[in-house]
Amino acid sequence: MYLSRFLSIHALWVTVSSVMQPYPLVWGHYDVCKTQIYTEEGKVWDYMACQPESTDMTKYLKVKLDPPDITCGDPPETFCAMGNPYMCNNECDASTPELAHPPELMFDFEGRHPSTFWQSATWKEYPKPLQVNITLSWSKTIELTDNIVITFESGRPDQMILEKSLDYGRTWQPYQYYATDCLDAFHMDPKSVKDLSQHTVLEIICTEEYSTGYMTNSKIIHFEIKDRFAFFAGPWLRNMASLYGQLDTTKKLRDFFTVTDLRIRLLRPAVGEIFVDELHLARYFYAISDIKVHGRCKCNLHATVCVYDNSKLTCECEHNTTGPDCGKCKKNYQGRPWSPGSYLPIPKGTANTCIPSISSIGNCECFGHSNRCSYIDLLNTVICVSCKHNTRGQHCELCRLGYFRNASAQLDDENVCIANVCDNELLHCQNGGTCHNNVRCVCPAAYTGILCEKPRCEEAGGCGPAGSGSAGTPPAPRPQLLALLALLALLAPLAAARARPL
């Protein structure tokens with residue numbers, strides 16, 4: 001009976017999900033962490049995998065530039081218009097807000113005219129390399145869900161590397177190389193993401209398609225997250241279940257889209273030609289108007305909410321987990337090793353809830369009425385076994401049939417459940433008595449006893465003709481007894497006649 005109810009609820013959930021979450025809301029499958037279902041033991045929670053919504057992660061980052069004095073304007077300097085070495089009357093001055101180009105302008109609201117942007121100092125120290133590291137840090141593990149997009153106001157760099165860190169900047173690894181000539185710059189053959197496949201999706205490539213100097217529409221550089229997703233989910237990302245299944249079973253794939261920090265290494269500005277024009281070095285610089293990074297807090301499928309408080313992102317962990325990434329079990333819930341939630345089974349996932357430690361079960365989960373528990377894998381939950389003191393239920397929080405909750409006792413009291421002395425529906429109280437709180441019968445004046453089964457006169461030694469209860473007067477025969485005696489008198493002659501021989 002329980003299994004059929006469970007399957008029915010599951011089928012209904014799938015149907016509702018398919019209606020309420022059509023494409024492109026492809027990341028909304030795991031935004032509910034639990035639901036109540038009914039079992040023979042009453043209502044219990046069915047836990048499932050969950051994760052926060054995808055959002056613009058640039059709202060929560062900290063940016064660092066190296067060298068720290070690379071931003072233009074201190075001292076003020078002039079620079080040439082993009083692609084025109086003969087118009088060098090633009091000015092950068094850090095002390096004047098209208099002429100300043102600080103790093104925070106890489107993440108402000110775009111759409112204004114003219115565009116706001118960060119800008120580096122010009123290449124006035126050529127032939128010394130003009131190199132800049134831009135580090136984006138979250139102090140939190142995040143999972144990328146959309147393309148990283150960098151918009152330049154200068155020409156796109158001739159050489160650039162996008163790097164990632166999984167340990168808060170202690171170590172770095174390349175995500176992708178960008179160059180006008182990959183073989184010359186990085187000793188790599190040029191490739192694009194379209195040249196990859198499911199089997200090579202983790203390959204680190206060098207691409208030349210974004211480093212095209214001053215050509216029209218040459219401002220944007222991508223790191224293609226969605227194109228990599230498409231190898232598993234299809235070109236329109238309609239089969240997200242396939243992608244989730246791959247992320248669930250392939251740790252390296254999941255880690256590929258996971259970062260704590262990103263670093264943009266600008267190695268050589270856009271020259272646009274073979275040689276550097278040493279007479280017009282003010283035309284060479286870096287300028288970025290916008291960086292887009294979409295993702296979600298990594299909570300190991302144990303949280304739906306990630307809060308930003310005191311400049312810090314933290315998962316609001318469920319499933320008895322804790323830690324900034326919900327990466328461990330709470331105290332007294334180490335009944336089995338911690339593990340992340342699972343995307344499978346699709347569409348709601350499996351929570352892998354942390355269960356109570358054996359030492360904590362008696363006090364924490366069963367209110368002192370049991371010292372044994374059993375983990376139910378189907379429900380991802382724990383139930384108490386062999387509840388004592390006339391209790392029952394998942395946590396020994398209910399009373400057995402025939403017993404009732406003692407309102408004056410706490411849940412952990414041995415006397416929390418008391419017997420069914422009486423019940424008005426079953427009419428246990430006799431002779432017109434009524435049941436009070438299932439504990440005692442309230443009897444009419446003429447009767448007494450636990451169930452009002454005794455005439456009160458019997459307690460005085462007998463019931464007289466007038467019900468006086470005097471001890472010397474025998475009790476009057478009851479009407480039922482008199483009728484029985486009369487019937488026997490009528491039947492006696494008939495019985496005698498039949499007994500005579502013929």
Side-chain angles (χ1 to χ4, degrees), residues 2 5-21 25-39 41-55 57 140-143 145 240-241 243-245 247-249 254 257-258 295-309 313-357 364-365 373 375-383 394-395 397:
Y2 159 70
R5 287 180 180 173
F6 178 83
L7 293 175
S8 297
I9 291 171
H10 177 74
L12 178 61
W13 195 96
V14 172
T15 302
V16 173
S17 297
S18 65
V19 173
M20 297 296 292
Q21 300 182 21
L25 298 178
V26 293
W27 290 96
H29 293 302
Y30 306 99
D31 57 356
V32 178
C33 285
K34 61 184 178 180
T35 185
Q36 277 194 325
I37 62 174
Y38 292 85
T39 71
E41 297 295 335
K43 290 191 295 186
V44 297
W45 287 111
D46 179 24
Y47 294 92
M48 58 197 72
C50 53
Q51 60 187 352
E53 293 182 359
S54 177
T55 188
M57 298 305 295
K140 173 79 181 72
T141 310
I142 66 170
E143 297 171 327
T145 60
M240 291 301 287
L243 173 62
Y244 283 132
L247 291 172
D248 215 26
T249 56
R254 190 165 59 243
F257 301 110
T258 303
R296 61 166 56 90
C297 290
K298 181 179 180 180
C299 301
N300 286 295
L301 300 185
H302 287 310
T304 13
V305 177
C306 190
V307 295
Y308 187 66
D309 189 29
L313 284 166
T314 307
C315 300
E316 287 194 348
C317 301
E318 301 196 35
H319 307 155
N320 302 321
T321 62
T322 188
D325 300 341
C326 307
K328 60 181 181 179
C329 291
K330 291 166 65 175
K331 184 180 179 182
N332 295 329
Y333 285 87
Q334 290 97 18
R336 65 175 177 179
W338 174 91
S339 64
S342 171
Y343 288 109
L344 301 174
I346 301 294
K348 66 174 187 173
T350 301
N352 292 329
T353 306
C354 289
I355 64 174
S357 307
C364 176
E365 287 293 308
C373 72
Y375 174 68
I376 307 300
D377 190 63
L378 181 65
L379 299 178
N380 265 319
T381 193
V382 171
I383 65 170
Q394 182 180 356
H395 304 296
E397 80 281 18

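Under the 4.5 Å side-chain criterion, counting only non-hydrogen atoms from C-beta, M48 is not in contact with K34. At least one side-chain heavy atom of L313 sits less than 4.5 Å from a side-chain heavy atom of M57. Taking 4.5 Å as the limit, some side-chain heavy atom of D46 sits within range of a side-chain heavy atom of K348. Proximity of Y308 to K140: side-chain heavy atoms (C-beta onward) are nowhere separated by under 4.5 Å. Here the side chains of Y244 and I346 are in contact, with some heavy-atom distance below 4.5 Å. Residues C299 and C317 have side chains not in contact (no heavy-atom distance under 4.5 Å, counting atoms from C-beta outward). Looking only at side-chain heavy atoms (C-beta outward), F257 and L247 come within less than 4.5 Å of each other. Residues T350 and Y343 have side chains not in contact (no heavy-atom distance under 4.5 Å, counting atoms from C-beta outward).
A distance-only check finds a donor-acceptor pair linking the side chain of W338 to the backbone of C326 [under 3.5 Å]. A distance-only check finds no donor-acceptor pair linking the side chain of N320 to the backbone of Y333 [under 3.5 Å]. Side-chain atoms of H302 do not come within 3.5 Å of backbone N or O of T322 as any donor-acceptor pair.
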Trace of the side chain to side chain contact (heavy atoms under 4.5 Å, CB included) decision for E318 with T304:
CA-CA 8 Å; E318 301 196 35; T304 13; 3.5 Å; yes
Apply side chain to side chain contact (heavy atoms under 4.5 Å, CB included) to residues E316 and V307 and explain how you reach the verdict.
CA-CA 7 Å; E316 287 194 348; V307 295; 3.3 Å; yes
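In this structure, OG1 in T314 is found 7.5 Å from CG in D309, a value given to the nearest 0.5 Å. Annotation: the span from E143 atom CD to Q51 atom CD amounts to 6.5 Å, rounded to 0.5 Å. Note that OG of S339 and CG of N300 are 9.5 Å apart. Values are rounded to the nearest 0.5 Å. Atoms CD1 and NZ, on I142 and K298 in that order, are 11.5 Å from each other to the nearest 0.5 Å. Rounding to the nearest 0.5 angstrom, the gap separating the OG1 atom in T249 from the CG atom in L344 is 7.0 Å.
Side-chain polar atoms of T145 and S54 form a donor-acceptor pair below 3.5 angstrom. A donor-acceptor contact closer than 3.5 angstrom links the side chains of D325 and T141. A donor and an acceptor atom, one from each side chain of D248 and S342, are located under 3.5 Å apart.
Sulfur-to-sulfur, C354 and C329 sit under 2.5 Å apart at their SG atoms. Between C33 and C50 the SG-SG gap is short of 2.5 angstrom.
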